[in-house]
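Convention: sequence-line order gives letters A, B, ...; per-chain numbering from 1.
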Amino acid sequence: MKKELAKTYDPHGLEDRIYRTWEEKGYFHAEADESKKPFTIVIPPPNITGVLHMGHAFDNTMQDVLIRFKRMQGYNALWQPGTDHASISTEVRIIEELAKEGIRKEDLGREKFLERAWEWKKQYGGTIISQLKKLGSSCDWARERFTMDEGCNRAVTEVFVRMHKKGYIYQGSRIINWCPHCNTSISDAEVDYEEQNGHLWHIRYPLVEEDGSISKTEFLEFATTRPETMLGDTAVAVHPEDERYTHLIGREVFLPFVERRIPVVADTYVDREFGTGVVKITPGHDPNDFEVGKRHDLPEINIMNDDATINENGAKFEGMDRYAARKQIVKELTEMGLLGEVEDHVHNVGTHERCHTVVEPLIKKQWFVRMDELIKPAIKAVKEGEIRLIPKRMEATYFNWTDNIRDWCISRQLWWGHRIPAYYCDACGETVIDYGMPKECPHCRGTAFTQDPDTLDTWFSSALWPFETLGWPEETKDLKHFFPTDVLVTGYDIIFFWVIRMIFSSYEQMGTRPFHTVLFHGLIRDSEGRKMSKSLGNGIDPLDVIAEYGADALRLMIVTGNAPGNDMRYHVERVENSRNFANKLWNASRFIMMNIEEAEEVHAKDAPAAMLQTEDRWILSRLQRTIREATENMERYELGIAVQKVYDFIWDEFCDWYIEFVKPRLRPSGAVGGSQTRAEEDAAGAAHASRLQIPQAESDAQAYQAPSRIAALWTLTSVLIGALKLLHPYMPFITEEIYQTLIDGLYTKETPESIMISPWPVAKDVLVDEAAEREIALIQEAVRGIRNVRNEMNVAPSKKTGIYVVSAKEDIREIFTRGRTHFTALAHAGEVFVQEDKTGIADDAVSVVLADAVIYIPLAELVDISAEKARLEKEKERLEKELARSKGMLANERFLSKAPPEKIAEEKEKQQKYEQTYAQVLERLSALG
RNA sequence: GGGAGUGUAGCUCAGCCGGGAGAGCGUUCGCCUCACACGCGAAAGGUCACGGGUUCGAGCCCCGUCACGCCCACCA
């Protein structure tokens, strides 16, 4: 059945319908099959708390383009999907929900809380998945995984046990970042530094005299931004070579409030230039001081509770919030005369990226992963090119992290997540790491254990994602076939969190790389270049964009005009342009289908070679080049460049030129050779030719008989199908819709029923036709010239003008003779005459000067000789400049001796062309007087 | 403080191997030409941030300067 297409492309309804069909047909599904070559991408698992934002759209569009491309190329293409449990995000979400009901998580208890969280996951965790589908993502949904599903849990425990056995995982008291709001430790990477206005308080500690009394005259002054931490001071430090203080090293100062005597130590960590050159040392609440404390064997005193109130070590400040204590301490120090200058001070304060609470460095017993050994293969892999980062400059960021690697704090004081498989013997306190609750304590033979209450950092499980999703630790067929995966697509903002951790985890657990290429994309910013954020309210919801313009338009916008790793700004105009392109393609297709008659078979298989006209061979040739180049670009992950070439091919060459070229040939054979006007032209042309005694090559009417029409239709459909395939990875919905409608209209069942499983086009050398390309290029140049002249001369578009092509060269005349009708179709030509000389042409005709021909357009009633002369003068000047440049180059001996021969030949050719054109321009000018 | 970037048309951005500066939007002019006004045709518009250097030849390579954001470190 021949289908009618709507006049304007409307993605509504169509996209969901097509997506459902793809899913039902199982096109997304991949099975392990050793006879096929695999191509695997694992999705960066979106958080179950997430809703689709532009970052996801960016990420997933690129992955979908790659996976569809590879699938069409015949790979066993798997896009492995899934979601991440997102421990902190989710837990915070549940706590908020509970708060609305007036429940605290502690009241609920761990088990009930987890039930609640799973309930939440069940209800909302799928939201993002359905949104990804809206985008057209061709993930193998049957394989959807979750970082806390049974398999991932096993993988996590396995890795923990193994790494603990190898000594990579250890428990230790370290200074960590503590979020008093979320009540958990967080890793360095989860800390955001915010610039805040604060103060620099100068404080004086009295020195302790030789006899042990507190000096009333001698003080040591230092500056601090956090006075409350003084309660935990266990030393003050000076630079060992600071002459102002060397005599004090080894003496003691007196710490007010807690009334502690603490030593003055020497440490190179102190910057003599800053403040007074004296630093208070609080090993319990500052990472740098912690290090100093280790070096000098200082006691570590924790002065805070987990909620950032002062604890029993804070003397009379016990129970006060850290900021209230700060205020009170400053006040009391003033009263005691121990406070000096107070400066305004802008400093960076570490905050928790999730809740923006100021983090408090605290010493806690936590679980860590020792990184020094683990990171080595990850460094080597990138250094030696076993893993390629695109763009390459991301390597610098990568190495910046790996070279300064610190141990990874993996325990979190949360409930939602993978519980740490550490069990403490109730009897003797022995720690046992095991796959489950141990039966007997290896130390005291006790049988009662308590599991560590903490859970693991979310990234601990995401780090295993590329192999845990394929079945690891089982040796599954999937794992064997699809692992290592191929490409990872992600934003550069999670290099540290995720990319590096996947890499070292894979080398450690699998002994191999997790993927060979990491393709980074940037961020999508708003039109002002700002990050999209909830607080600014400048976020663009991709679903709104899809609803208004269609997923294809959004996808094309995302991929177009962007180089890997670069940020892009969101402008509606760019989406509109993509939407317009979709409409253009839609209408071109509609036009072609309108011209295919009911029951007319236009097979896309057999080329009617003998019937092909020059323009047919031209567009076929151009298509081959586009296929070749776009494919090469895609293989190099240059998606933006590839799609630009396809876009240009479709819009410029196919729609604006080729379709226009063949329009005259498409009249049904029954309508006898075309329009009335052309019959008249033919008659006039023949008459003129006979008058000049130039043999008319062939009658146009003859040329455009049925075989030419079939050739045009064949070319139109096969080029369209080729172009649709090239475009399909980028715009899957519209290409599928057109493809299927077209296949229906062609009455053929030979092509696959869906474009997404059709083979990727391969450029055929036999179809590359340089002669046709040169010929059409000449026609195009002439057509543009004529249009240009008509515009400049203000000729009404409705006015048909005669066109005389004069060339002394026979082959050129042949080209124009063959291309005569193109001028009718594209340049508002009436009669077209091709002749050897100027016989019969008025001197005052306007002209288009080409290298090998001059085209005359007689405009009897409109002639303005001075305008024509001015035009030619301008052209003359332009050519003189080009000639000067070209001659200069060719006169340069060093150019001739050093430049590659083909460049020289090219330049000579150009020069010749300029000279010819120039000569013709001069001749025209002299003819005009 | 360290690192990697960006600077090209009025705006947003491409520019692969060094070889006569591109696109989209916007602007101007002309067109509802029987696929498309979400369109067609034409045009205007650029010291490729600046200064040096390498080269027969530089938007592209090297050095320096300026401007702008980004990442890392986090000096109390």
Visitor: Heavy atoms under 4.0 Å, any strand shown: does F496(A) hit a base, just sugar-phosphate, or nothing?
Guide: sugar-phosphate
Visitor: Please give the nucleotide sitting opposite C60(B) as a Watson-Crick or G-U wobble pair, both distances under 3.5 Å, or none.
Guide: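 Base-paired to nothing in any strand shown.
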Visitor: Hey, does the side chain of K663(A) come within less than 4.0 Å of A35(B)'s phosphate (OP1/OP2), counting only N and O?
Guide: yes
Visitor: Nearest-nucleotide wise, let me know which of Y647(A) and R574(A) is further upstream toward the 5' end of RNA chain B.
Guide: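 On the 5' side of the pair lies R574(A).
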Visitor: Students often get this wrong, so: under 4.0 angstrom with heavy atoms, is G640(A) touching a base, only sugar-phosphate, or nothing?
Guide: nothing
Visitor: Given that both distances must come in under 3.5 Å, which nucleotide forms a Watson-Crick or G-U wobble pair with G41(B)?
Guide: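 Checking every strand shown, G41(B) finds its partner in C29(B), with both distances under 3.5 Å.
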Visitor: Respond yes when some side-chain nitrogen or oxygen of N577(A) is under 4.0 Å from OP1 or OP2 of C38(B), and no when none is.
Guide: no
Visitor: When you measure from the side-chain N and O atoms of R406(A) to the phosphate of C74(B), is any distance below 4.0 Å, counting only OP1 and OP2?
Guide: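 For C74(B), OP1 or OP2 has a side-chain N or O of R406(A) closer than 4.0 Å.
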Visitor: In plain terms, say whether R272(A) and D242(A) are close enough for a salt bridge, that is, a side-chain N and a carboxylate O under 4.0 Å apart.
Guide: no
Visitor: State the pairing partner of C75(B); accept Watson-Crick or G-U wobble contacts with both distances under 3.5 Å, and report none otherwise.
Guide: none
Visitor: With heavy atoms under 4.0 Å as the rule, sort A588(A) into base, sugar-phosphate or nothing.
Guide: base
Visitor: Let's see if you can work this out: which of A37(B), A35(B), C25(B) has an atom nearest to the side-chain heavy atoms of K584(A)?
Guide: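 When the side chain of K584(A) is considered, A35(B) is the closest of A37(B), A35(B), C25(B).
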Visitor: Using a cut-off of strictly less than 4.0 Å, decide whether N566(A) has a side-chain nitrogen or oxygen near OP1 or OP2 of A14(B).
Guide: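 Answer yes for this pair, as a side-chain N or O of N566(A) is under 4.0 Å from OP1 or OP2.
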Visitor: If only side-chain N and O atoms of R787(A) are considered, is one of them under 4.0 Å from the OP1 or OP2 phosphate oxygen of A42(B)?
Guide: yes
Visitor: With heavy atoms under 4.0 Å as the rule, sort R579(A) into base, sugar-phosphate or nothing.
Guide: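 Since a base atom lies under 4.0 Å of R579(A), the category is base.
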Visitor: Any side-chain N or O of H571(A) less than 4.0 Å from the OP1 or OP2 oxygen of G26(B)?
Guide: no
Visitor: Want to settle it: does N587(A) or E573(A) sit nearer the 5' end of RNA chain B, counting the closest nucleotide to each?
Guide: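 Its nucleotide being nearer the 5' end, the pick is E573(A).
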Visitor: Checking base pairs now: Watson-Crick or wobble, both atom distances under 3.5 Å. What partners A35(B)?
Guide: none
Visitor: Would you say A35(B) has OP1 or OP2 under 4.0 Å from some side-chain N or O of W651(A)?
Guide: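 No, no such contact exists.
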Visitor: Picking from G15(B), A42(B), A76(B), which would you name as closest to the side chain of I641(A)?
Guide: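 The answer is G15(B), which lies nearest to the side chain.
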Visitor: Please measure how far the P atom in C70(B) lies from the corresponding atom in U6(B), and state the result in whole Å.
Guide: 16 Å
Visitor: Taking only the side-chain nitrogens and oxygens of R569(A), find out if one of them lies under 4.0 Å from OP1 or OP2 of C13(B).
Guide: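 For C13(B), OP1 or OP2 has a side-chain N or O of R569(A) closer than 4.0 Å.
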Visitor: Does the pair R885(A)/E907(A) count as a salt bridge with the N-to-O cut at 4.0 Å?
Guide: yes
Visitor: Could you check which of C56(B), A35(B), A76(B) has an atom nearest any side-chain atom of R894(A)?
Guide: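 So the nucleotide nearest the side chain must be C56(B).
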Visitor: Taking O4'-C1'-N9-C4 for purines and O4'-C1'-N1-C2 for pyrimidines, is C16(B) syn (within 90° of 0) or anti?
Guide: anti
Visitor: So does E882(A) pair up with K913(A), basic N to acidic O under 4.0 Å?
Guide: no
Visitor: Counting side-chain heavy atoms from CB outward, which of C56(B), A35(B), G19(B) is closest to P900(A)?
Guide: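 Shortest atom-to-atom distance from the side chain points to G19(B).
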Visitor: Would you kindly give the CD-to-C1' distance between E906(A) and G18(B), to the nearest whole Å?
Guide: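 So the CD-C1' distance, E906(A) to G18(B), works out to 14 Å.
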Visitor: Taking the basic N atoms (NZ, or NE/NH1/NH2) and the acidic carboxylate oxygens, is any pair closer than 4.0 Å for E660(A) and K663(A)?
Guide: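 Salt bridge present between E660(A) and K663(A).
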Visitor: Which of parallel (below 30°), tilted (30 to 60°) and perpendicular (above 60°) describes Y647(A) and W651(A)?
Guide: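 Aromatic pair Y647(A)/W651(A) classed tilted.
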Visitor: Will you find, in the side chains of Q780(A) and H822(A), an N or O donor that is under 3.5 Å from an N or O acceptor?
Guide: no
Visitor: If pairing requires Watson-Crick or G-U wobble contacts with both distances under 3.5 Å, which nucleotide is the partner of C66(B)?
Guide: G7(B)
Visitor: Rounded to whole Å, please give me the gap between CH2 in W401(A) and P in A73(B).
Guide: 6 Å
Visitor: Assign H345(A) to base, sugar-phosphate, or nothing according to its heavy-atom contacts below 4.0 angstrom with the strands shown.
Guide: sugar-phosphate
Visitor: Check every atom of A76(B), C36(B), C16(B) against the side chain of F274(A) and return the nucleotide holding the closest atom.
Guide: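 Closest nucleotide among those given: A76(B).
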Visitor: Determine the interatomic distance between P on A9(B) and the same-named atom on C48(B); round to the nearest Å.
Guide: 10 Å
Visitor: What nucleic acid atoms does A563(A) come within less than 4.0 Å of, heavy atoms only: base, sugar-phosphate, or nothing?
Guide: sugar-phosphate
Visitor: Strictly by Watson-Crick or wobble contacts shorter than 3.5 Å, is anything paired with A23(B), and which nucleotide is it?
Guide: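 Base partner found: U12(B).
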Visitor: At under 4.0 Å between heavy atoms, what does K7(A) touch on the DNA or RNA strands: base, sugar-phosphate, or nothing?
Guide: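 The answer is sugar-phosphate, as K7(A) gets under 4.0 Å only of primed atoms, P, OP1 or OP2.
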Visitor: In whole angstroms, how far is the P atom of C71(B) from the CG atom of D567(A)?
Guide: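 Whole-Å distance recorded here is 10 Å.
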Visitor: Please report the distance, rounded to the nearest Å, between CD in E907(A) and P in G18(B).
Guide: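 Rounding to the nearest Å, CD of E907(A) and P of G18(B) are 19 Å apart.
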Visitor: Please state the C1' separation for the pair G10(B) and G3(B) - nearest whole angstrom.
Guide: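 Pairwise C1' distance, G10(B) against G3(B), rounds to 35 Å.
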Visitor: Counting only side-chain N and O atoms of N788(A), is one of them less than 4.0 Å from OP1 or OP2 of A43(B)?
Guide: yes
Visitor: For the side chain of R525(A), counting heavy atoms from C-beta on, which of C74(B), C70(B), A42(B) is nearest?
Guide: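 Among the listed nucleotides, the one closest to the side chain of R525(A) is C70(B).
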Visitor: Nearest of C71(B), A35(B), G41(B) to any side-chain atom of N791(A)?
Guide: G41(B)
Visitor: When both hydrogen-bonding distances must be under 3.5 Å and the geometry is Watson-Crick or G-U wobble, what is C17(B) paired with, if anything?
Guide: none
Visitor: Quick one: does T8(A)'s side chain get under 4.5 Å of N587(A)'s, heavy atoms only?
Guide: no
Visitor: Look at the aromatic rings of F274(A) and H345(A) and report parallel, tilted or perpendicular, splitting at 30° and 60°.
Guide: perpendicular
Visitor: Calculate the interatomic distance between N562(A) atom CG and U6(B) atom P; express it in whole Å.
Guide: 13 Å
Visitor: Among G2(B), C16(B), C38(B), which nucleotide sits nearest the side chain of T8(A)?
Guide: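 Per side-chain heavy atoms of T8(A), the pick is C38(B).
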Visitor: With W401(A), which of W408(A), Y492(A), F496(A) fulfils ring pair (Phe, Tyr, Trp, His ring centres under 6.0 Å)?
Guide: F496(A)
Visitor: Which nucleotide wins on minimum distance to the side chain of T397(A), given the candidates G5(B), A35(B), C71(B)?
Guide: C71(B)
Visitor: U12(B), C16(B), G15(B): which one has an atom nearest the side-chain heavy atoms of K645(A)?
Guide: C16(B)
Visitor: What is the distance from CZ of R885(A) to P of G19(B), rounded to the nearest Å?
Guide: 13 Å
Visitor: Rounding to an integer number of Å, can you tell me how far Y570(A) OH sits from U12(B) C1'?
Guide: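 So the OH-C1' distance, Y570(A) to U12(B), works out to 14 Å.
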Visitor: What's E576(A) touching, base or sugar-phosphate or nothing? Going by heavy atoms closer than 4.0 Å.
Guide: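 E576(A): no heavy atom of the nucleic acid under 4.0 Å.
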Visitor: Using whole Å, report how far CZ of R590(A) lies from P of C34(B).
Guide: 12 Å
Visitor: Answer with base, sugar-phosphate or nothing: what part of the nucleic acid does N348(A) contact at a heavy-atom distance below 4.0 Å?
Guide: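 If one applies the 4.0 Å heavy-atom cut-off, N348(A) turns out to touch a base.
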Visitor: Given 3.5 Å as the limit, does a donor-acceptor pair link the side chain of D648(A) with the main chain of D652(A), or not?
Guide: no
